[in-house]
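Single-structure report; data block below.
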Amino acid sequence: MSLLLAATLIAGTLDLLTRLELASGSRLDRDETTALLGPALGLFAGGLGVSLLTAILMSILSGVMAVPVSRSSLNRRTGFKQMWVLVRHRLLALTGLSLLMLLVPLVPLGLLFVMAVAILTGMGPAGLLIVLPLGLGALAVTVWLSIKLLVAPAAVTIEELGVIDALRRSWALTTANWWRILGIVLVAGLIVGVIGQVVQIPITFAVGGISSTVTPHAGIEQQTNTDLLLTIIGMVVGGLVGALGFAFQSAVSALVYLDLRMRRDGLDVDLQRMLESGSDPDGVPGRGLPLHRPGGWQQGPGMGFPTG
């Protein structure tokens, strides 16, 4: 989701800067300049707000979904009530983490905006030749950091770590696995995108077809009401598809977290023992276990550090 937020911010920033350059480089009066920049500012602010809210919800959902995914590794079913009991004491930490993780796209994009304004002010339109590579660089930094911190929400809920310890834990777990995780995230995003389009495209065509069939000779008011109703239905269906997509991507992040812990901490051995013994049937598998025994990580509720 940070990738989507970064892409939205970059597109909006470059569009806004281009309009600013056009407005400053030509002789426009105040009304014309306002008319030129107003839509760009509105679109940028709206896209930014939606992207920020989506990123926050996605981070929280990733942490929450880690619990049922972890329990499903031992074939344990998790109802909503039980999930709430197991997660509710971590919601404050998850919210703090999601707010802190907003800095991942905002800091690079904020620096890009400041540098781009300075460059375009000094160089004019030719400065776009520098601003565009800087935008790609900001996107690359955002992608790199997003992958490095991908499993921090799962660490908050499963290992009950604090915000900073969870970030450090995610950084350690993703070491030497960055490209593999990026591939998994891209494939998951592609699947969600394709399914979303498969559902949305027929709905879009159906809206026009149903409207013309149901009310072929309707007046303007009736036609408008029908189109509005069909549009709302399409938005509801799209929202449901988007929610399922969020849940799927969150589950993928949780599976990546479990996979990394199996590779690094030998979590699969502990899960096998729990499966055979049937211990802690109402708990969260992986909670309270040593962080990294093979490499000498210390056991404890906080972030472990290599010993020796």
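Model, not experiment: these values are computed from the prediction.
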Restricting to side-chain hydrogen bond (donor to acceptor under 3.5 Å, both in side chains), what partner residues turn up for Arg76, sequence neighbours left out? none
Keeping to residues at least two apart or across chains, list the side chain to side chain donor-acceptor pair (under 3.5 Å) pairs with something in residues 180-189. Asn177-Arg180, Arg180-Asp259
Under the 3.5 angstrom rule, does the side chain of Ser253 hit a backbone N or O of Ser62 as a donor-acceptor pair? no
Minimum heavy-atom separation for Ala251 to Met65, with atom names? CB-CE, 4.3 Å
So does Ala152 get a backbone contact from the side chain of Arg169, meaning a donor-acceptor N/O pair under 3.5 Å? no
With sequence neighbours excluded, residues passing side-chain hydrogen bond (donor to acceptor under 3.5 Å, both in side chains) with Gln272: Glu276
Please enumerate all residues that pass side-chain contact (heavy atoms from CB on, under 4.5 Å) together with Leu244, with sequence neighbours excluded. none
Mind checking what makes side-chain contact (heavy atoms from CB on, under 4.5 Å) contact with Leu86, not counting sequence neighbours? Val67, Arg71, Gln82, Val284
Taking the side chain as every heavy atom from C-beta outward, state whether Asp270 and Arg273 have any pair of such atoms under 4.5 Å apart. yes
Quickly, which of Leu103, Leu134, Thr142 forms a side-chain contact (heavy atoms from CB on, under 4.5 Å) with Pro108? Name it, please. Thr142
Shared hydrophobic cluster for Leu74 and Leu260 (ILVMFWY, side-chain gaps under 4.5 Å): yes
Is there a path of hydrophobic side-chain contacts, each under 4.5 Å between heavy atoms, that joins Ile130 and Val114? no
Let's go through Leu173 and Tyr257 carefully: what are the C-alpha distance in whole Å and the side-chain angles of both, what is the deciding distance for side-chain contact (heavy atoms from CB on, under 4.5 Å) to 0.1 Å, and is it a yes or a no? CA-CA 8 Å; Leu173 285 174; Tyr257 166 77; 3.9 Å; yes
Compare all side-chain heavy atoms of Val185 with those of Val252 and state whether any distance is below 4.5 angstrom. no
I need the minimum non-hydrogen distance between Ser59 and Leu94, along with the two atoms involved. O-CD2, 4.4 Å
Is the shortest side-chain heavy-atom distance between Val156 and Glu160 below 4.5 Å? no
ring-ring contact (aromatic ring centres under 6.0 Å, His included) partners for Trp171, two or more places apart: Trp144
For residues Arg261 and Gly286, report the shortest heavy-atom separation together with the two atoms involved. NH1-O, 2.9 Å
